[in-house]
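Structure record follows, encoded as C-alpha coordinates.
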Amino acid sequence: MRQGPRGGGHLQELGNSCYAWVAQEAGWGYSNAGLIVGESGSLLVDTLFDLNLTAAMLAEMASVTRDRPISTVVNTHANGDHYFGNQLLRHAEIISSVNAAAHMSQSDLDSLRADLRAPGRHGDDVRRSFGRFDFDGITITPPTRTFEGELTLDVSGVEVRCITVGPAHTDGDLIVHVPSARTVYAGDLLFIGATPVVWAGPISGWVEACDRILDLDVDTVVPGHGPVTDATGVQETQAYLAHVESAATECFHQGRSFDEAVASIPLGRFGAWTEPGRLVQNVANVYQHLDPALPRMSHLEVMKRMADFESGFVPEEV
Ligand SMILES: [Zn+2]
(Lines give C-alpha, C1' and ligand atoms only; values in the text may rest on other atoms or scores of the structure.)
Protein backbone atom coordinates (compact mmCIF):
# COMPACT_ATOMS: atom_id res chain seq x y z
CA MET A 1 0.00 0.00 0.00
CA ARG A 2 1.27 3.44 -0.90
CA GLN A 3 2.00 5.51 2.18
CA GLY A 4 0.34 8.92 2.31
CA PRO A 5 2.08 11.91 3.86
CA ARG A 6 2.25 11.86 7.63
CA GLY A 7 1.30 14.78 9.81
CA GLY A 8 0.74 17.15 6.98
CA GLY A 9 0.03 20.29 9.00
CA HIS A 10 -0.30 21.92 12.37
CA LEU A 11 -3.07 23.12 14.68
CA GLN A 12 -3.10 26.90 15.08
CA GLU A 13 -5.04 28.43 17.97
CA LEU A 14 -6.95 31.50 16.79
CA GLY A 15 -8.55 32.35 20.12
CA ASN A 16 -12.24 32.68 21.06
CA SER A 17 -12.95 28.94 20.69
CA CYS A 18 -11.50 28.75 17.17
CA TYR A 19 -8.60 26.79 15.70
CA ALA A 20 -7.25 26.33 12.18
CA TRP A 21 -5.63 23.19 10.87
CA VAL A 22 -3.04 24.62 8.48
CA ALA A 23 -1.62 22.20 5.93
CA GLN A 24 2.12 22.00 5.37
CA GLU A 25 1.75 23.52 1.91
CA ALA A 26 -0.89 25.29 -0.14
CA GLY A 27 -0.67 23.14 -3.26
CA TRP A 28 -2.86 20.40 -4.73
CA GLY A 29 -4.57 18.22 -2.17
CA TYR A 30 -3.08 19.75 0.97
CA SER A 31 -6.08 21.51 2.44
CA ASN A 32 -6.82 23.31 5.67
CA ALA A 33 -9.58 22.57 8.15
CA GLY A 34 -11.09 24.26 11.17
CA LEU A 35 -12.12 23.41 14.70
CA ILE A 36 -14.68 25.32 16.77
CA VAL A 37 -14.79 24.24 20.38
CA GLY A 38 -17.82 24.63 22.65
CA GLU A 39 -18.28 23.78 26.30
CA SER A 40 -18.83 20.05 25.81
CA GLY A 41 -18.55 19.44 22.06
CA SER A 42 -16.78 20.61 18.93
CA LEU A 43 -17.46 21.28 15.27
CA LEU A 44 -14.94 20.32 12.58
CA VAL A 45 -14.85 22.33 9.36
CA ASP A 46 -13.80 19.90 6.58
CA THR A 47 -11.97 16.61 6.60
CA LEU A 48 -8.84 16.01 4.49
CA PHE A 49 -7.91 14.28 1.23
CA ASP A 50 -7.09 10.84 2.56
CA LEU A 51 -7.53 8.79 5.71
CA ASN A 52 -3.88 9.09 6.81
CA LEU A 53 -3.98 12.88 6.68
CA THR A 54 -7.36 13.05 8.41
CA ALA A 55 -6.34 10.61 11.15
CA ALA A 56 -3.12 12.55 11.77
CA MET A 57 -5.09 15.78 12.05
CA LEU A 58 -7.61 14.25 14.46
CA ALA A 59 -4.73 12.91 16.57
CA GLU A 60 -3.23 16.41 16.79
CA MET A 61 -6.65 17.82 17.74
CA ALA A 62 -7.18 15.22 20.47
CA SER A 63 -5.65 17.42 23.18
CA VAL A 64 -8.56 19.81 22.57
CA THR A 65 -11.32 17.41 21.59
CA ARG A 66 -10.76 14.68 24.20
CA ASP A 67 -13.21 16.30 26.60
CA ARG A 68 -15.19 18.09 23.88
CA PRO A 69 -15.65 15.49 21.13
CA ILE A 70 -16.44 16.43 17.56
CA SER A 71 -20.20 16.06 17.24
CA THR A 72 -20.62 17.99 13.98
CA VAL A 73 -18.69 18.16 10.71
CA VAL A 74 -19.34 20.83 8.08
CA ASN A 75 -17.96 20.23 4.58
CA THR A 76 -17.37 23.56 2.80
CA HIS A 77 -17.69 21.98 -0.67
CA ALA A 78 -17.46 18.75 -2.63
CA ASN A 79 -13.79 18.60 -3.64
CA GLY A 80 -12.23 15.42 -2.24
CA ASP A 81 -9.56 17.27 -0.28
CA HIS A 82 -12.35 18.65 1.91
CA TYR A 83 -14.46 15.56 2.49
CA PHE A 84 -12.76 12.24 1.58
CA GLY A 85 -11.87 11.81 5.27
CA ASN A 86 -15.52 11.98 6.42
CA GLN A 87 -15.74 8.28 7.20
CA LEU A 88 -13.48 8.79 10.23
CA LEU A 89 -16.22 11.07 11.64
CA ARG A 90 -19.18 8.88 10.73
CA HIS A 91 -20.50 9.01 14.31
CA ALA A 92 -20.96 12.79 13.91
CA GLU A 93 -23.67 14.77 12.18
CA ILE A 94 -22.21 15.75 8.79
CA ILE A 95 -23.59 18.95 7.27
CA SER A 96 -23.14 20.52 3.86
CA SER A 97 -25.07 22.47 1.25
CA VAL A 98 -27.64 20.74 -0.96
CA ASN A 99 -25.48 21.38 -4.04
CA ALA A 100 -22.24 20.19 -2.45
CA ALA A 101 -23.89 16.99 -1.23
CA ALA A 102 -25.18 16.32 -4.75
CA HIS A 103 -21.58 16.20 -6.01
CA MET A 104 -20.19 13.86 -3.33
CA SER A 105 -20.20 10.51 -5.01
CA GLN A 106 -18.23 7.32 -5.43
CA SER A 107 -17.75 8.24 -9.11
CA ASP A 108 -15.66 11.25 -8.04
CA LEU A 109 -13.26 8.97 -6.22
CA ASP A 110 -13.33 6.32 -8.98
CA SER A 111 -12.46 8.86 -11.69
CA LEU A 112 -9.55 10.18 -9.61
CA ARG A 113 -8.27 6.63 -9.13
CA ALA A 114 -8.63 6.01 -12.90
CA ASP A 115 -6.76 9.24 -13.72
CA LEU A 116 -3.94 8.16 -11.39
CA ARG A 117 -3.65 4.88 -13.33
CA ALA A 118 -3.67 6.59 -16.75
CA PRO A 119 -0.59 5.62 -18.77
CA GLY A 120 2.15 7.93 -19.98
CA ARG A 121 2.32 11.69 -19.83
CA HIS A 122 -1.38 12.18 -18.99
CA GLY A 123 -1.17 9.99 -15.93
CA ASP A 124 2.20 11.49 -14.96
CA ASP A 125 0.65 14.97 -14.67
CA VAL A 126 -2.03 13.66 -12.31
CA ARG A 127 0.44 11.54 -10.36
CA ARG A 128 2.71 14.56 -9.87
CA SER A 129 -0.12 16.42 -8.13
CA PHE A 130 -2.01 13.59 -6.41
CA GLY A 131 0.35 10.60 -6.29
CA ARG A 132 1.42 11.46 -2.74
CA PHE A 133 -2.00 10.66 -1.31
CA ASP A 134 -3.49 7.28 -0.50
CA PHE A 135 -7.01 6.73 -1.80
CA ASP A 136 -7.23 3.10 -0.70
CA GLY A 137 -9.86 2.29 1.87
CA ILE A 138 -11.94 5.42 1.36
CA THR A 139 -15.71 4.97 1.55
CA ILE A 140 -17.56 8.06 0.39
CA THR A 141 -19.45 9.28 3.45
CA PRO A 142 -21.98 11.94 2.42
CA PRO A 143 -23.63 14.54 4.65
CA THR A 144 -26.44 13.47 6.94
CA ARG A 145 -27.98 16.93 6.84
CA THR A 146 -28.13 19.49 4.03
CA PHE A 147 -29.30 23.08 3.79
CA GLU A 148 -29.53 26.01 1.43
CA GLY A 149 -29.17 29.65 2.45
CA GLU A 150 -28.22 29.98 6.10
CA LEU A 151 -28.08 27.51 8.94
CA THR A 152 -27.31 28.61 12.50
CA LEU A 153 -25.88 26.01 14.85
CA ASP A 154 -25.25 26.02 18.58
CA VAL A 155 -21.95 24.24 19.22
CA SER A 156 -22.50 23.82 22.94
CA GLY A 157 -22.64 27.53 23.58
CA VAL A 158 -20.89 28.91 20.49
CA GLU A 159 -23.06 30.31 17.69
CA VAL A 160 -21.89 29.10 14.28
CA ARG A 161 -23.48 30.31 11.05
CA CYS A 162 -23.15 28.30 7.85
CA ILE A 163 -23.90 30.35 4.72
CA THR A 164 -24.11 29.06 1.14
CA VAL A 165 -22.33 31.38 -1.30
CA GLY A 166 -21.96 29.21 -4.44
CA PRO A 167 -21.76 28.60 -7.25
CA ALA A 168 -18.26 30.04 -7.20
CA HIS A 169 -15.22 27.73 -6.81
CA THR A 170 -17.72 24.83 -7.00
CA ASP A 171 -21.50 24.53 -7.22
CA GLY A 172 -22.10 24.19 -3.52
CA ASP A 173 -19.61 26.42 -1.70
CA LEU A 174 -20.42 27.49 1.85
CA ILE A 175 -18.61 29.50 4.50
CA VAL A 176 -18.64 29.03 8.27
CA HIS A 177 -18.90 32.19 10.35
CA VAL A 178 -18.29 32.43 14.09
CA PRO A 179 -19.59 35.91 15.02
CA SER A 180 -18.33 35.91 18.61
CA ALA A 181 -14.79 35.20 17.35
CA ARG A 182 -14.99 37.57 14.36
CA THR A 183 -13.71 34.60 12.37
CA VAL A 184 -14.79 32.96 9.13
CA TYR A 185 -13.73 29.66 7.55
CA ALA A 186 -13.85 30.36 3.82
CA GLY A 187 -13.07 26.95 2.33
CA ASP A 188 -11.70 27.16 -1.21
CA LEU A 189 -13.10 30.59 -1.84
CA LEU A 190 -9.61 31.46 -0.70
CA PHE A 191 -6.25 30.07 -1.76
CA ILE A 192 -3.55 32.15 -0.07
CA GLY A 193 -0.17 31.97 -1.77
CA ALA A 194 -1.60 29.61 -4.39
CA THR A 195 -3.63 30.42 -7.48
CA PRO A 196 -7.43 30.05 -7.17
CA VAL A 197 -9.05 27.57 -9.56
CA VAL A 198 -12.57 28.07 -10.87
CA TRP A 199 -14.30 24.71 -11.35
CA ALA A 200 -17.90 25.94 -11.45
CA GLY A 201 -18.09 29.71 -11.68
CA PRO A 202 -19.08 32.06 -13.07
CA ILE A 203 -16.17 34.07 -11.71
CA SER A 204 -18.57 36.94 -11.02
CA GLY A 205 -20.31 34.67 -8.48
CA TRP A 206 -16.96 34.10 -6.74
CA VAL A 207 -16.23 37.84 -6.70
CA GLU A 208 -19.64 38.34 -5.03
CA ALA A 209 -18.88 35.57 -2.55
CA CYS A 210 -15.71 37.46 -1.58
CA ASP A 211 -17.91 40.51 -0.97
CA ARG A 212 -20.08 38.40 1.33
CA ILE A 213 -16.99 37.52 3.36
CA LEU A 214 -15.83 41.14 3.50
CA ASP A 215 -19.33 42.22 4.59
CA LEU A 216 -19.05 39.97 7.64
CA ASP A 217 -16.40 42.40 8.90
CA VAL A 218 -14.28 39.69 10.53
CA ASP A 219 -10.70 39.88 11.79
CA THR A 220 -9.62 36.34 10.98
CA VAL A 221 -10.14 34.44 7.74
CA VAL A 222 -9.16 30.78 7.39
CA PRO A 223 -8.64 29.86 3.73
CA GLY A 224 -9.07 26.40 2.23
CA HIS A 225 -5.39 26.48 1.25
CA GLY A 226 -2.50 28.56 2.57
CA PRO A 227 -1.88 30.51 5.78
CA VAL A 228 -4.57 32.18 7.90
CA THR A 229 -5.32 35.67 6.61
CA ASP A 230 -7.64 38.68 7.01
CA ALA A 231 -9.54 41.00 4.69
CA THR A 232 -6.42 41.69 2.62
CA GLY A 233 -6.25 38.02 1.57
CA VAL A 234 -9.88 38.19 0.44
CA GLN A 235 -9.26 41.39 -1.51
CA GLU A 236 -6.19 39.93 -3.28
CA THR A 237 -8.14 36.83 -4.32
CA GLN A 238 -10.94 39.05 -5.55
CA ALA A 239 -8.45 41.19 -7.51
CA TYR A 240 -7.01 38.13 -9.28
CA LEU A 241 -10.47 36.83 -10.17
CA ALA A 242 -11.66 40.19 -11.47
CA HIS A 243 -8.45 40.58 -13.51
CA VAL A 244 -8.78 37.15 -15.15
CA GLU A 245 -12.48 37.60 -15.81
CA SER A 246 -12.07 40.98 -17.44
CA ALA A 247 -8.97 40.04 -19.49
CA ALA A 248 -10.47 36.73 -20.71
CA THR A 249 -13.78 38.38 -21.53
CA GLU A 250 -11.98 41.00 -23.58
CA CYS A 251 -10.06 38.28 -25.47
CA PHE A 252 -13.31 36.43 -26.14
CA HIS A 253 -14.99 39.51 -27.60
CA GLN A 254 -11.90 40.21 -29.72
CA GLY A 255 -12.41 36.78 -31.28
CA ARG A 256 -9.18 35.36 -29.87
CA SER A 257 -8.96 31.61 -29.37
CA PHE A 258 -8.84 30.10 -25.92
CA ASP A 259 -5.13 29.26 -26.36
CA GLU A 260 -4.34 32.81 -27.47
CA ALA A 261 -6.19 34.16 -24.43
CA VAL A 262 -4.23 31.96 -22.01
CA ALA A 263 -0.94 32.98 -23.63
CA SER A 264 -1.71 36.68 -23.62
CA ILE A 265 -3.10 37.37 -20.13
CA PRO A 266 -0.37 38.89 -17.93
CA LEU A 267 -0.32 37.62 -14.35
CA GLY A 268 1.71 40.47 -12.88
CA ARG A 269 2.07 40.12 -9.10
CA PHE A 270 -0.29 37.12 -9.11
CA GLY A 271 2.39 35.14 -10.97
CA ALA A 272 4.25 34.80 -7.67
CA TRP A 273 1.53 32.42 -6.40
CA THR A 274 2.06 28.67 -6.78
CA GLU A 275 0.13 26.75 -9.47
CA PRO A 276 -0.04 29.68 -11.94
CA GLY A 277 -1.15 27.16 -14.58
CA ARG A 278 -4.63 27.19 -13.05
CA LEU A 279 -5.08 30.21 -15.31
CA VAL A 280 -5.82 27.61 -18.02
CA GLN A 281 -8.93 26.33 -16.23
CA ASN A 282 -9.94 29.84 -15.19
CA VAL A 283 -9.86 31.17 -18.75
CA ALA A 284 -11.64 28.02 -19.98
CA ASN A 285 -14.34 28.70 -17.40
CA VAL A 286 -14.84 32.28 -18.58
CA TYR A 287 -15.02 31.10 -22.22
CA GLN A 288 -17.52 28.34 -21.38
CA HIS A 289 -19.80 30.74 -19.54
CA LEU A 290 -19.68 33.17 -22.48
CA ASP A 291 -20.32 30.36 -24.98
CA PRO A 292 -21.89 27.27 -23.37
CA ALA A 293 -21.56 25.41 -26.69
CA LEU A 294 -17.74 25.31 -26.39
CA PRO A 295 -16.48 21.76 -25.79
CA ARG A 296 -15.37 20.96 -22.24
CA MET A 297 -11.87 19.66 -21.59
CA SER A 298 -11.52 16.44 -19.62
CA HIS A 299 -9.87 16.64 -16.22
CA LEU A 300 -6.77 14.96 -17.67
CA GLU A 301 -6.60 17.49 -20.49
CA VAL A 302 -6.87 20.36 -18.01
CA MET A 303 -4.08 18.90 -15.86
CA LYS A 304 -1.87 18.45 -18.92
CA ARG A 305 -2.40 22.01 -20.12
CA MET A 306 -1.75 23.40 -16.64
CA ALA A 307 1.52 21.45 -16.47
CA ASP A 308 2.50 22.70 -19.96
CA PHE A 309 1.80 26.27 -18.87
CA GLU A 310 3.88 25.92 -15.72
CA SER A 311 6.82 24.23 -17.46
CA GLY A 312 7.35 27.36 -19.57
CA PHE A 313 6.31 29.90 -16.97
CA VAL A 314 8.72 32.50 -15.56
CA PRO A 315 7.18 34.71 -12.84
CA GLU A 316 7.57 38.42 -13.41
CA GLU A 317 9.40 40.58 -10.93
CA VAL A 318 7.05 41.70 -8.17
ZN1 LIG B 1 -9.23 22.40 -1.69
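Only this structure's heavy atoms are used, side chains among them; waters, hydrogens and symmetry mates stay out. We're numbering straight along the sequence, starting at 1. We count ligands from 1, going down the list as the structure has it; atoms in each ligand are counted the same way.
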Kindly give the heavy-atom pair with the smallest separation between N285 and P202, and that separation in Å. OD1-CA, 4.2 Å
Run the side-chain hydrogen bond (donor to acceptor under 3.5 Å, both in side chains) test on T170 and D173 for me, step by step, so that the C-alpha distance in whole Å, both residues' side-chain angles and the decisive distance to 0.1 Å come before the verdict. CA-CA 6 Å; T170 65; D173 301 311; 2.7 Å; yes
Which residues and atoms, protein N, O or S only, are under 2.8 Å from the Zn ion (ligand 1)? D81 OD2, H82 NE2, D188 OD2, H225 NE2
Do the side chains of R121 and D124 get close enough for a salt bridge, i.e. N-O under 4.0 angstrom? no
Under a 4.0 Å N-O cut-off, is there an ion pair linking E301 with R305? yes
Would you kindly check if the NZ (Lys) or CZ (Arg) of R278 is within the cone defined by 45 degrees around the ring axis of W28 and under 6.0 Å from the six-membered ring centre? yes
Exam field: side chain D134 to backbone D50, donor-acceptor pair closer than 3.5 Å: no
